[in-house]
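Please read the structure below before turning to the comments.
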There are 2 protein chains.
Amino acid sequence: MDAQTPRGSASRPNVYDVARRAGVSIATVSRVHRGNGPVASETRARVQAAMDELGWSPSVPAQALAGDNHNAVALVFPELVGRYYSEVLRGFEAEAVRRQQAVLILAAHQRKDNDAMVRDLAGRVDGMVIMDRTIADGTAADVQRRGVPVLLLARPSIEDVPAVRVAGADPTRELTTHLLDHGPRRLVFVGDPELSPDVAERWRAFGDAHAVAGLARPTSPVATGGYQQHDGREVALAVLDTDGDARPDGLVCANDQLALGAYQAAARLGLSIPDDLAVTGWDDDPFAAHMDPPLTTVNQPMYDLGACAAELLFERLDGDVVGDVTLTASFVVRSSCGCVEGASR
Amino acid sequence: MDAQTPRGSASRPNVYDVARRAGVSIATVSRVHRGNGPVASETRARVQAAMDELGWSPSVPAQALAGDNHNAVALVFPELVGRYYSEVLRGFEAEAVRRQQAVLILAAHQRKDNDAMVRDLAGRVDGMVIMDRTIADGTAADVQRRGVPVLLLARPSIEDVPAVRVAGADPTRELTTHLLDHGPRRLVFVGDPELSPDVAERWRAFGDAHAVAGLARPTSPVATGGYQQHDGREVALAVLDTDGDARPDGLVCANDQLALGAYQAAARLGLSIPDDLAVTGWDDDPFAAHMDPPLTTVNQPMYDLGACAAELLFERLDGDVVGDVTLTASFVVRSSCGCVEGASR
DNA sequence: TTGTATGCGTTATCAC
DNA sequence: GTGATAACGCATACAA
């Protein structure tokens with residue numbers, strides 16, 4: 001027999017095996033294992049010994065089937081590129097294992113059959129957190145109607161489905177105003193409001209800041225179609241491919257990866273940051289402080305976002321009714337915006 | 001009734017409901033659903049309609065229990081900080097969903113009860129990939145003996161448990177020799193061989209390169225106790241806190257995050273990179289090329305590593321016997337090592 | 001304190 | 001082609 005194809009010395013032991021060995025019924029085995037019902041300490045010891053000797057552990061699917069409960073939760077996100085998602089996931093996972101729950105994940109990518117996969121996922125967990133616009137709007141409510149509590153992350157809540165998010169309007173206004181105050185006048189917003197409610201909110205605040213400054217509201221963002229470095233690079237190359245006064249002198253990027261792409265584009269075009277072009281990001285990646293030049297960005301509590309979502313989800317699973325939660329982000333001035341005075345690391 | 005506490009219009013429908021509605025037996029329902037056994041096309045249509053109307057989908061735990069198969073796989077890793085892990089996870093997840101398998105994850109952190117959690121995980125999946133030294137050496141073999149095929153990642157294979165990894169010795173020798181050839185003589189290896197077989201391999205190659213250059217083999221690395229930015233910063237601050245000829249003039253870091261920490265330390269101590277201190281990383285984070293100065297590092301195929309591990313795991317689940325796989329990494333010269341000529345972005 | 005019996009929702013093996 | 005029916009492994013109401 002092939003060594004890599006294990007077969008167990010005789011398939012896994014079950015409750016009956018343990019019960020027989022301990023000379024009790026399966027009900028008693030279940031009781032000592034779950035630590036509920038009453039059981040004589042002497043019996044308990046005998047059963048415990050039998051379990052140990054056989055190396056028994058309960059079948060997860062059987063438990064789930066009988067107990068109608070999975071001891072598992074899921075996180076659904078759009079993609080997995082970049083620190084933002086990995087930090088959210090990290091917070092979510094940490095909180096889940098703290099409660100001894102298994103963690104399932106699903107990256108939606110840009111697949112079209114996401115709703116089907118999400119529904120499948122829903123059959124494997126007790127509750128799930130859904131980020132952004134990863135699935136059709138109705139699906140979340142639908143999943144929940146099927147008995148699986150849902151929590152939304154980085155998007156507004158909908159009927160009966162609470163959400164946790166980071167308020168992006170204030171920092172965006174602060175950032176935009178700061179930029180406008182220090183020179184750049186032809187700012188371009190790099191990011192795709194269609195892809196994420198968070199970014200849509202920032203796009204609006206970006207316009208508001210222009211209005212407050214008495215400037216014309218930019219008519220449309222530069223849609224990137226994604227939030228990765230190469231998206232930022234391509235868009236920046238396209239938008240900067242102009243001479244003279246028409247060329248943008250500031251790129252307000254929806255995340256640090258897009259900003260990184262902008263750095264690439266600027267280097268390729270021989271443009272200096274921040275002299276020829278101001279660039280700002282969002283997320284405050286640890287590397288941002290040591291870029292050339294250090295990147296002005298916005299720090300948002302990504303880990304907390306994931307942990308908080310998990311926490312609220314568990315509260316719901318415990319039967320509590322939870323409300324929306326909004327966390328705050330803070331503007332971090334460095335030097336890529338052209339303002340040297342307040343620069344910090 | 002509380003709106004957030006869903007209850008389903010009457011709990012989920014099951015095969016019996018579908019069967020009754022279609023006027024057939026549950027066996028037939030199962031047949032049309034699984035698309036195996038013979039069934040009259042007219043009957044099939046009727047059953048299909050009933051399934052659609054009721055919105056039925058099979059209970060995952062029930063399927064797992066009856067079919068002895070989870071349609072799920074797991075990835076266990078030490079932590080989730082940094083691009084390395086998130087990229088490996090990304091590759092793993094992508095390959096898994098491509099095969100319509102659910103993905104479970106577990107970050108071991110530095111918990112002591114990892115083995116227990118891994119065993120629990122093993123009860124939820126058909127196979128699992130384990131990274132590094134996240135669990136006691138015997139546990140992997142043990143899990144596999146219980147019938148769950150295991151694949152090792154970023155560590156050597158053990159009896160009957162194949163592994164996929166990146167060869168780190170060559171790039172390390174290349175990097176170290178490059179450094180030694182261009183000035184720095186008092187190199188320090190920053191990283192913890194105890195924590196990861198990959199790093200242990202590089203530590204050995206680091207010594208080999210010294211020997212080949214006719215230099216004394218460094219006696220011990222600077223153990224970091226972790227691979228995060230702050231680990232690198234603290235260790236660098238400690239090791240650089242010396243004046244004159246005793247101070248190291250080169251830090252060979254086990255990953256880019258540690259190198260980032262070294263940048264922080266250098267800045268704090270007023271040391272210039274690369275003039276006073278050469279620094280190299282590992283992983284080639286996208287930000288590395290745009291750091292100040294651009295970071296010399298080693299590019300390794302992290303996404304592929306995860307995808308490949310998943311692929312091999314699935315081959316094993318399909319009954320194939322698989323061998324070890326070794327991917328290659330490549331040295332990327334930029335300017336943090338003090339060598340300007342070959343610098344690239 | 002312990003045991004019996006039934007349900008959980010599938011799949012699959014038989015008969016018919 | 002189709003339908004009973006027996007697993008699968010555990011939890012629990014109910015008896016004893």
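Residue numbering restarts at 1 for every chain, and letters A, B, ... go by the order of the sequence lines.
B:His33 has a side-chain polar atom (N or O) that falls below the 4.0 Å cut-off from OP1 or OP2 of C:dT11. Side-chain nitrogen and oxygen atoms of A:Arg31 include none within less than 4.0 Å of the OP1 or OP2 phosphate oxygen of C:dT1.
With sequence neighbours excluded, the residues satisfying ring pair (Phe, Tyr, Trp, His ring centres under 6.0 Å) with B:His33 are B:Trp56. Residues passing the salt bridge (charged side-chain N to carboxylate O under 4.0 Å, His left out) test with B:Arg31, sequence neighbours excluded: none.
With B:Arg133 as the fixed residue, the side chain to side chain contact (heavy atoms under 4.5 Å, CB included) test singles out one of B:Ser196, B:Pro78, B:Pro197: B:Pro197.
Along DNA chain D, the stretch of nucleotides lying under 4.0 Å from any heavy atom of chain B spans, 5' to 3', D:dG1 to D:dG9.
Residues of residues 50-72 of chain A that place a heavy atom closer than 4.0 Å to DNA chain D, in numerical order, are A:Trp56, A:Ser57, A:Pro58, A:Ser59, A:Ala62, A:Gln63, A:Ala66. At a non-hydrogen distance threshold of 4.0 Å, A:Pro38, A:Val39, A:Ala40, A:Thr43 from residues 35-47 of chain A come into contact with DNA chain C.
Comparing the helix axis at one end of the helix from C:dT1-D:dA16 to C:dC16-D:dG1 with that at the other, each defined from 5 consecutive pairs, gives an inter-axis angle of 40° (nearest 10°).
Each of A:Val15 and B:Ile26 was matched to the nucleotide of DNA chain D holding its nearest heavy atom; the match closer to the 5' end belongs to B:Ile26.
Across all strands shown, A:Val24 has heavy atoms under 4.0 Å from sugar-phosphate atoms exclusively, and none from any base.
Looking at B:Asp318, its side chain never comes within 3.5 Å of a backbone N or O of B:Asp320 through a donor-acceptor pair.
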